[in-house]
Amino acid sequence: MSGYQASEIEAKWQEAWDAAGLFRAERVEGKPKYYVLEMFPYPSGKLHIGHVRNYTMGDVIARYKLATGHNVLHPMGFDAFGMPAENAAMASGGHPKDWTYGNIDTMVEQMKPLGLSLDWSRMFATCDPEYYGQQQALFLDFLEEGLVYRKNAVVNWDPVDMTVLANEQVENGRGWRSGAVVERKELTQWFFNISSMADELLEALDGLDNWPAKVRLMQENWIGKSRGLQFDFERMDGGEPITVYTTRPDTLNGASFVGISPDHPIAKGLEGDPEVDAFLAEARKGGTTEEAIEKAEKLGYDTGIKVKHPLTGAELPVWIANFILMDYGTGAIFACPAHDQRDLDFCRKYDLPVIDTFFALDVPQPVESEAFVPPKTEKVRWVDHFAGLDMATGEEAIDATIDFMEARGLGKGVTKFRLRDWGLSRQRYWGCPIPVVHCEACGVVPEKKENLPIELPYDEGAGPIDFSVPGNPLDRHPTWRDVDCPACGNPARRETDTMDTFVDSSWYFARFTAPRAETPTDMTEADYWMNVDQYIGGVEHAILHLLYARFFARAMHICGHLPEKSKEPFDALFTQGMVTHAIFQSEDAKGRPVYHYPEEVELRDGKAFLKEGGAEVEIIPSAKMSKSKNNVVDPVTIIEQYGADTARWFVLSDSPPERDVEWTAAGAEAAHKHLSRVWNLSGRICEMEDGAQGEGDAALLKEMHKTIHDVTMGIESFGFNAAIAKLYAFTNTVSKAKAGKAALREAVMTLAKLMSPMTPHLAEDIWAHQGGEGLCSAAPWPEADEAMLVDDEVVMPIQINGKRRAEISVPKDMDKAEVEKIALKHEAVQKALDGDAPKKVIVVPGRIVNVVA
RNA sequence: GCCCGAGUGGCGGAAUGGUAGACGCAGGGGAUUCAAAAUCCCCCGAUGGCAACAUCGUGUGGGUUCGAGUCCCACCUCGGGCACCA
């Protein structure tokens, strides 16, 4: 035997699985199904080791479920629309479509050698017209149900390039290409009415027991349900009252001004005044992200308008402030600087009054430069509170205030959500066209379904699809825009905006259940395969993607494309960490950083040296892989060097799956050595003489059952690293066991089966060598014998005052009193007690004894 | 700025509120070898001690508990998200 040759083994078994059609998913009524899905990749060009980890995790689950008798659906596709394809076209010419499909081919080619148990027959890319045509059909259905509508919203506007920018294209408030200061500009856009489901999406989080608590919490905060007070400020000049919404009505006494958004109708009404225009222009500078708005310098403009405080009758000025969002509440607030840091900074800057409305119980200090913002559950002392409160918490005061205002007809308790409607229009080429037509006579007209898909124009060669000029090529296309109105037949213009790529990824999981259907889904298939039993992906998608998909599933149910049970489409969610890698960095003569590829570097005693020249380089550990830092590990290289099983084993072995894992060459080497060890072990067992039982048979069997139990639990609970640790330990046990051939053969075949979800090729090879029946991948999962899991004797540590001082070995079932008696007789305990009686003795059966002296 | 996580030996990490450091890497010692590679065996948190053992030790500071890596409060550092990156 020549040793473990991964490349030969892996190709051979992949062919065998293919030939057996092992991973082809077909609906079998009555057979329990299991749908495993990893978030599908963006076709960036090359497979990343992070993908390998992600898909291996899903594969472990898929293969395990196959072995436990499930009909497994494990599909793969590509999230193929998006900006990088246009950026590539901008940088080096070519067409986004060619770039994208080229990348998909490469990535599929790189993915196949990993031996993933995927049903490749179901593969699609979201840029396939067959897919996005169905997405257009969904859009039309949503439109009919009132789930899509048009309104104005702000975008990042580059005033030099005259184009809309993505947040990513805004760097420090400036356009990435032009360098011009970005402005916030309003545009009419399409919106999904996700806020109409805000309460439902919030309530349903409670039912998602198999989602990480942190994701549910993040979504809860994002939806941001709040109860507050909505009320009017009368204008002294008799104009339309200003309606404000506040979540802190209890601080109404401390109001020092009323603030309105630069996009508020009153602010717009003042446009034309050069001073106002100048301020609004200034206030609209910068990007649209909440982060940019929060961090921007707080600016205000006194409109000169005065309003009357509804309770005190005091006159308050109305200011336009750049940090007030038109999208949240009513776009108008009252500011209470004493109890809000942002308001306080603003008031100090513009010399507005600061009025304390409550003080801490112990030291009543007036607010100076720091706002007093205690938790809403803390009792504070109120100053002349209108509802007659003296000592009360913020929560109590808020309720009392709302009651007080409602009773007098001055305001209304209102529940609002932070969640905004989902703007889906993108002024870009490489996305799903929005299937509507603008007609002068008929207005916005939906396309007829029989005209779908509305395909993107390809226009081979140079020409209309040109990215050397800023803006959307569809918008300047000479012919694509021109259509006849589907309603009246007169000349009209096609909508040139395309859909947000989040739309593409909001229903692909449903499409996988019937990827070639002539409608978005096939209800028979959807009813059988849905829901996704286990969804796996990065935490970075905790909010947007997962919330949008939840909305889409509900919307699809309303339109009859998904069953009721799929309103929550993902039964269980797991969020995995990234794969990181050290950066090897030195400096050039001018002190600029130079990054070295891992293969250029040699490691000795924890230090890194250049292979060429031998100079020492700095090691920066655990950095996110990035092309510009030269620390990307290419899975293809790893597979060529060690094989897919080694790569799979390594990415699962060291770190817990939800955390980042650091790729190290030493770790990969070690994983490969271990797999060789197992392979050799199997070989040695094959060559043994038949016959005699070994003295270690019973002990080996016992360890085997414990390992089955631990590994099974490990896989079920996503503790892959811990499961692998048990497999290491069991390998050591088997190789040291003084057992007969039959027992060893059973042990190593069990080891192979337990390893098969992680290292399926190696497992298959060992299975065949040991004469296993059929394919290892198709063999049933072993079951642990409960009787084998318990030891008759247990070692119990004895603590004295919480510190471990001794241990005793007692029968497993010995009762507490007996254990206590033995423990107290122990010399260490006797010594500690020094003749006194113990104050207390705690015996936790089978675990520990603690003597309090 | 706001929301959510994470922090344990030289390193990756293990540990239903119950013996902190399983398992792996690196390192040290030994066996084998003419020698090396490969392989196999043993040791391996810090400090003190020949040793038995003792003290300290899970980012920092407090707290709850017979007992805290685990629960609570405050803080520090790093990571994710902030609605047009996917």
Side-chain angles (χ1 to χ4, degrees), chain A residues 3 39 41-42 44 79 81-84 87 155-156 164-170 189 194 212-215 217-222 224 287-296 323 327 341-342 418-428 500-502 504-505 538-545 547-548 575 577-578 580 603 605-606 621-622 624 653-656 658-662 664 666-667 669-671 673-674 676-677 680 719 721-722 724-729 732 735 795-807 838-842 844 846-852:
Chain A
M39 288 180 187
Y42 179 79
S44 53
D79 188 14
F81 276 134
M83 296 205 309
N87 293 341
V155 293
N156 300 306
V164 176
L165 298 180
N167 287 334
E168 189 187 48
Q169 297 169 322
V170 178
Q189 313 210 60
I194 187 172
K214 63 174 172 183
V215 174
L217 187 57
M218 278 189 267
Q219 292 217 353
E220 183 183 325
N221 291 336
W222 185 263
T288 56
T289 66
E290 195 173 296
E291 187 186 3
I293 290 165
E294 287 282 341
K295 283 184 176 166
F323 56 84
D327 287 319
Q341 191 61 43
R342 190 177 59 186
R418 203 185 78 99
L419 180 68
R420 309 200 294 256
D421 278 337
W422 170 13
L424 67 114
S425 303
R426 295 292 180 271
Q427 296 70 43
R428 267 176 257 291
D500 177 11
T501 56
F502 272 122
D504 311 334
S505 54
V539 243
E540 65 271 24
H541 297 295
I543 295 174
L544 294 180
H545 162 61
L547 193 61
Y548 291 159
T575 55
M578 296 183 300
T580 61
L603 292 169
D605 304 334
S622 281
K624 197 194 284 192
S653 63
D654 265 5
S655 284
E658 67 275 14
R659 255 198 258 172
D660 294 351
V661 64
E662 164 118 14
T664 62
E669 184 68 43
K673 269 188 200 171
H674 179 73
S676 296
R677 201 148 46 220
N680 291 333
N721 56 327
I724 283 180
K726 299 288 180 195
L727 289 166
Y728 268 107
N732 290 337
S735 67
V795 175
M796 288 177 73
I798 300 175
Q799 292 185 334
I800 296 164
N801 295 330
K803 293 197 175 191
R804 183 185 162 279
R805 283 295 128 97
E807 57 184 36
K839 287 206 185 81
K840 195 172 178 184
V841 181
I842 294 119
V844 184
R847 303 237 50 135
I848 205 165
V849 182
N850 191 11
V851 179
V852 186

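Sequence lines set the chain letters: A, B, ... in the order given, protein chains first and strands last, and positions in each chain run from 1.
If you find the closest nucleotide of RNA chain B to A:Glu294 and to A:Ala729, the one lying nearer the 5' end belongs to A:Glu294. Residues A:Pro656 and A:Met218 each lie close to RNA chain B; by heavy-atom proximity, the contact nearer the 5' end of the strand is made by A:Met218.
Side-chain nitrogen and oxygen atoms of A:Lys803 include at least one within less than 4.0 Å of the OP1 or OP2 phosphate oxygen of B:rC56. Distances shown here put every side-chain N or O of A:Asn721 at or beyond 4.0 Å from the OP1 or OP2 atom of B:rG24. For B:rU55, the OP1/OP2 oxygens have a side-chain nitrogen or oxygen of A:Arg805 closer than 4.0 Å.
Remark: the backbone N or O of A:Tyr42 is not paired with any side-chain donor or acceptor of A:Asp79 at under 3.5 angstrom.
A:Trp222 approaches A:Leu544 most closely through the heavy-atom pair CZ2-CD2, 3.9 Å. Of all non-hydrogen atoms in A:Ala542 and A:Met218, the two that sit nearest each other are CB-CE, 3.7 Å. Shown here for A:Gln219 and A:Ile543, the closest heavy-atom pair between the two residues is NE2-O, 3.7 Å. Heavy atoms only, all atoms of each residue included: A:Arg418 and A:Asn221 are closest at NE-O, 3.6 Å. Considering every non-hydrogen atom in both A:Glu807 and A:Pro797, the closest pair reads CB-CA, 3.9 Å.
Taking the C1' atoms as reference points, B:rG80 lies 24 Å from B:rC11, given to the whole Å. Across the C1' atoms, B:rU47 and B:rG9 are found 14 Å apart, a figure rounded to whole Å. Comparing B:rU77 with B:rG61, their C1' atoms sit 15 Å apart, to the nearest whole Å. Taking atom P in both B:rA6 and B:rC73, one finds a spacing of 14 Å when rounded to whole Å. The separation of B:rU16 from B:rA31, taken at their C1' atoms, amounts to 43 Å, rounded to a whole angstrom. Across B:rG5 and B:rC71, the matching P atoms stand 12 Å from one another, rounded to whole Å. Atom name C1', nucleotides B:rC34 and B:rC43: the rounded distance is 29 Å, in whole Å.
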Can you tabulate the close N/O pairs, meaning under 3.5 Å, that link protein atoms to atoms of nucleotides 83-86 of chain B?
from	atom 1	to	atom 2	distance (Å)
B:rA83	OP2	A:Glu290	N	3.0
B:rA83	N6	A:Arg418	O	3.0
B:rA83	N1	A:Arg420	N	2.8
B:rC84	OP2	A:Arg426	NH2	2.8
B:rC84	O4'	A:Arg426	NE	3.1
B:rC84	O4'	A:Arg426	NH2	3.2
B:rC84	O3'	A:Asn167	N	3.3
B:rC84	O2'	A:Asn167	N	2.6
B:rC84	O2'	A:Asn167	OD1	3.4
B:rC84	O2	A:Arg428	NH2	2.2
B:rC84	N4	A:Gln189	OE1	3.2
B:rC84	N4	A:Ser425	O	3.4
B:rC84	N4	A:Gln427	OE1	3.0
B:rC85	OP2	A:Asn167	N	3.4
B:rC85	OP2	A:Glu168	N	2.8
B:rC85	O4'	A:Glu168	OE1	3.3
B:rC85	O4'	A:Glu168	OE2	3.3
B:rA86	OP1	A:Met83	N	3.2
B:rA86	OP2	A:Thr501	OG1	3.3
B:rA86	O3'	A:Asp79	OD2	2.7

Detail all sub-3.5 Å separations between protein N/O atoms and N/O atoms belonging to nucleotides 65-74 of chain B.
from	atom 1	to	atom 2	distance (Å)
B:rC66	O2'	A:Asn850	ND2	3.3
B:rC66	O2	A:Asn850	ND2	2.5

For nucleotides 31-33 of chain B, which of its nitrogen or oxygen atoms have a protein nitrogen or oxygen under 3.5 Å away, and what is each distance?
none

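Residues passing the side chain to side chain contact (heavy atoms under 4.5 Å, CB included) test with A:Ile194, sequence neighbours excluded: A:Leu201, A:Leu419, A:Asp421, A:Trp422, A:Leu547, A:Tyr548, A:Phe551. Shown here are the side chain to side chain contact (heavy atoms under 4.5 Å, CB included) partners of A:Val170, two or more places apart in sequence or in another chain: A:Asn156, A:Leu165, A:Val182.
To the nearest 0.5 Å, atoms CD1 (A:Ile848) and CD1 (A:Ile798) are separated by 10.0 Å. Summarising the geometry, atom CZ belonging to A:Arg426 is positioned 8.5 Å from atom CZ belonging to A:Phe502; distances are rounded to the nearest 0.5 Å. How far CG of A:Asp327 is from CZ of A:Arg420: 5.0 Å, rounded to the nearest 0.5 Å.
Checking B:rA20, B:rA22, B:rG13 against every side-chain atom of A:Ala725, the shortest atom distance belongs to B:rA22. Of the candidates B:rG81, B:rG1, B:rC4, the closest approach to any side-chain atom of A:Lys295 belongs to B:rG1. When distances run from any side-chain atom of A:Asn732 to the nucleotides B:rC56, B:rA6, B:rC23, the shortest one goes to B:rC23.
Residue contacts shown for A:Ala670 are limited to sugar-phosphate atoms, with no base heavy atom under 4.0 Å away.
Regarding the sugar-base torsion, B:rG7 falls in the anti class, its angle being beyond 90° of 0.
A salt bridge does not link A:Glu658 with A:Lys214: every distance from a Lys NZ or Arg NE/NH1/NH2 to an Asp or Glu carboxylate oxygen is 4.0 Å or more.
For RNA chain B, each stem of at least three Watson-Crick or G-U pairs (distances under 3.5 Å) is given as range with range: B:1-7 with B:76-82, B:10-12 with B:23-25, B:27-31 with B:39-43, B:45-48 with B:53-56, B:59-63 with B:71-75.
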